[in-house]
Peer 1: 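One structure coming up, written as structure tokens, with questions to follow.
By convention in this document, chain letters (A, B, ...) are assigned in the order of the sequence lines, proteins followed by strands, and residues within each chain are numbered from 1.
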Amino acid sequence: MIGVGIFCSTWDNRLNTNHTLRLSKLSKETLLYTFEKNVKDFLALLELSCSMGLTIFRLGSNFIPFASHERFDNDWLLDVESRLRLLSDKIKSYGIRITMHPGQFVVLNSPREDVVRRSLKELSYHMWVLDTMGLSWESIIVVHVGGVYGNKREALKRFEKTIGENEWLTKRLAIENDEKYYTAEDVVELGEKLGLPVVFDYYHHLLNPSAFSIDRLVETWRGTTPEFHLSSLPEGVHKLGEHGDFVKLEDFLDLANLWGNRGPLDVVIEAKKKEVAVEKLIQELERVGYKLRRPKCFKKC
DNA sequence: ACCCGTCAAGTCCGG
DNA sequence: CCGGACTTGACGGGT
């Protein structure tokens, strides 16, 4: 049964877990001020998700701005840590799955040692946030495989090497197919080899298709609830890779059909209109009699 | 109060 | 070899 959710913020950004600041303004005071804005909006977004009956929420990577930057002083984390521990029970009480998805600059297969090092530091910060809130292993961190650098086999081998040298990553790391370089088939093969769950992105698969096996992809989750991503092409003229304002009912139903009756699944709706798009989708699904999975906090009025 | 130049980070591609 | 695209918005200094 499928549950859906939004990511990072409301469409109008009135609630946003990605508030940041200029690096030049970074200090303990500005950091804690901005972090608190993110925390407040995070709680409000969980409340919103709960009232809409959403099962998953993606927390923004700027939750603690510049947390992996060299100009960031780890002493500042003491206040952050106590705040997160205090919130742990409240956050968990919603029963909404919290996951994260770092930006394009996390590249575990780069030939540049410094790029890999910074990527690991960024992932270690993501891991710390989820651990500190006491979230379960279903709170994953989703990354792409990275670049190709003119030799896909070598690039894949470098990815494997990085994972092999950093076993701690496998606690929460998941890998996703992208719209240009690594197909679902590539990522399933890699996930099987490394023991990493594979996030299937429906839209990336349309742009970068392959003959992947959905059964093998599901198998990489070893009984835990998979996370998928869904977005649609925008109406009218659009650029390659651009996400639509809304997600089309038929795209959702295609994905639901692919999923079949395999059990629980969380789908992040990656539409520009965020919660407005999800609300529209929910209504359309109701009209056609499709039943969504709801979180434990959801009470239908 | 509003506008608009600028912003940590990577990779690929075209000129 | 370098600058722009990708995707994208929000910060914050300036008016």
Peer 1: Closest nucleotide of DNA chain C for A:Gln104 versus for A:Thr10: which of these residues is on the 5' side?
Peer 2: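 Closer to the 5' end of DNA chain C: A:Gln104.
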
Peer 1: Within the 3.5 Å criterion, strictly below it, is a donor on A:Glu284 or A:Tyr290 matched to an acceptor on the partner's side chain?
Peer 2: no

Peer 1: Can you see if the side chain of A:Lys272 gets near the phosphate of C:dT8 - specifically, an N or O under 4.0 Å from OP1 or OP2?
Peer 2: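 For C:dT8, OP1/OP2 do not have a side-chain N/O of A:Lys272 under 4.0 Å.
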
Peer 1: Within the stacking criterion (centroid distance below 5.5 Å, interplanar angle below 30°), does A:Phe105 stack on B:dG10?
Peer 2: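 No; centroid distance or tilt outside limits.
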
Peer 1: Side chain of A:Ser68 only, heavy atoms from C-beta on: which candidate in B:dC7, B:dT11, B:dA9 is closest?
Peer 2: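 My answer, after comparing the listed nucleotides, is B:dA9.
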
Peer 1: To the nearest Å, give me how far apart NE2 (A:His69) and P (B:dC7) are.
Peer 2: 13 Å

Peer 1: Below 4.0 angstrom, N of the basic side chain to O of the carboxylate: do A:Lys28 and A:Asp79 qualify?
Peer 2: yes

Peer 1: Reckon A:Tyr149 has a side-chain N or O less than 4.0 Å from the OP1 or OP2 of B:dT11?
Peer 2: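 For B:dT11, OP1 or OP2 has a side-chain N or O of A:Tyr149 closer than 4.0 Å.
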
Peer 1: Any idea which of C:dC11, C:dG12, B:dG10 is nearest the A:His19 side chain?
Peer 2: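 When the side chain of A:His19 is considered, C:dC11 is the closest of C:dC11, C:dG12, B:dG10.
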
Peer 1: Should we count CD of A:Glu138 as having more than 12 external heavy atoms under 6.0 Å?
Peer 2: yes

Peer 1: Using the P atom on both, measure B:dG5 against C:dA5 and round to a whole Å.
Peer 2: 15 Å

Peer 1: As a test of reading the structure: which of C:dG12, B:dT11, B:dA9 is closest to the side chain of A:Ser110, going by heavy atoms?
Peer 2: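 Closest nucleotide to the A:Ser110 side chain: B:dT11.
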
Peer 1: Using only heavy-atom distances, determine whether the side chains of A:Thr99 and A:Glu227 contain a donor-acceptor pair under 3.5 Å.
Peer 2: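 Side-chain D/A pair, A:Thr99 to A:Glu227: present.
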
Peer 1: Taking atom P of B:dC12 as reference, at what distance in whole Å does atom NZ of A:Lys152 sit?
Peer 2: 12 Å

Peer 1: Base, sugar-phosphate alone, or nothing: which one does A:Val106 contact when heavy atoms must sit under 4.0 Å apart?
Peer 2: nothing

Peer 1: C:dG4 and C:dT8: how far apart are their C1' atoms, nearest whole angstrom?
Peer 2: 16 Å

Peer 1: Using a 4.0 Å heavy-atom cut-off across all strands, classify A:Asn18 as base, sugar-phosphate, or nothing.
Peer 2: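 Result for A:Asn18 = nothing.
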
Peer 1: Whole-Å distance between C:dG13 C1' and A:Arg22 CZ?
Peer 2: 10 Å

Peer 1: Nearest-Å distance, NZ (A:Lys273) to P (C:dT8)?
Peer 2: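 Distance check: A:Lys273 NZ to C:dT8 P gives 14 Å.
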
Peer 1: Under a 3.5 Å cut-off for both contacts, is C:dT8 paired Watson-Crick or G-U wobble with anything, and if yes, with which nucleotide?
Peer 2: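 The answer is none; no pair meets the criterion.
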
Peer 1: A:Leu120 CG to B:dA9 C1': how many Å, rounded?
Peer 2: 14 Å

Peer 1: Distance check needed: B:dA9 P versus A:His101 NE2, whole Å only.
Peer 2: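 After rounding, the reported distance stands at 20 Å.
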
Peer 1: Scan side-chain atoms only and decide if A:Asp254 and A:Tyr202 contain a donor-acceptor pair under the 3.5 Å cut-off.
Peer 2: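 Short answer, yes.
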
Peer 1: Can you check the distance between C:dT7 and B:dC3, where both ends of the measurement are the P atom (answer in whole Å)?
Peer 2: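 About 27 Å, rounded to a whole number of Å.
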
Peer 1: For the pair A:Asp12 and A:Lys274, find out whether any cationic side-chain nitrogen is under 4.0 Å from an anionic carboxylate oxygen.
Peer 2: no

Peer 1: If B:dA8 has a Watson-Crick or G-U wobble mate with both distances under 3.5 Å, name it; if not, just say none.
Peer 2: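 Its partner is none (no Watson-Crick or G-U wobble pair with both distances under 3.5 Å).
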
Peer 1: Out of C:dT7, B:dG10, B:dA8, which has the shortest distance to the side chain of A:Glu179?
Peer 2: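 Nearest nucleotide to the side chain: C:dT7.
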
Peer 1: In whole angstrom, give the distance that lies between atom CG of A:Leu15 and atom P of C:dG9.
Peer 2: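 Rounded to whole Å, this separation is 17 Å.
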
Peer 1: In this structure, how many angstroms lie between the C1' atom of C:dT7 and the CG atom of A:Asp245, rounded?
Peer 2: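 Computing the A:Asp245:CG to C:dT7:C1' distance gives 14 Å.
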
Peer 1: At 4.0 Å (heavy atoms only), tell me whether A:Phe66 reaches a base, stays on the sugar-phosphate, or touches nothing.
Peer 2: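 Result for A:Phe66 = base.
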
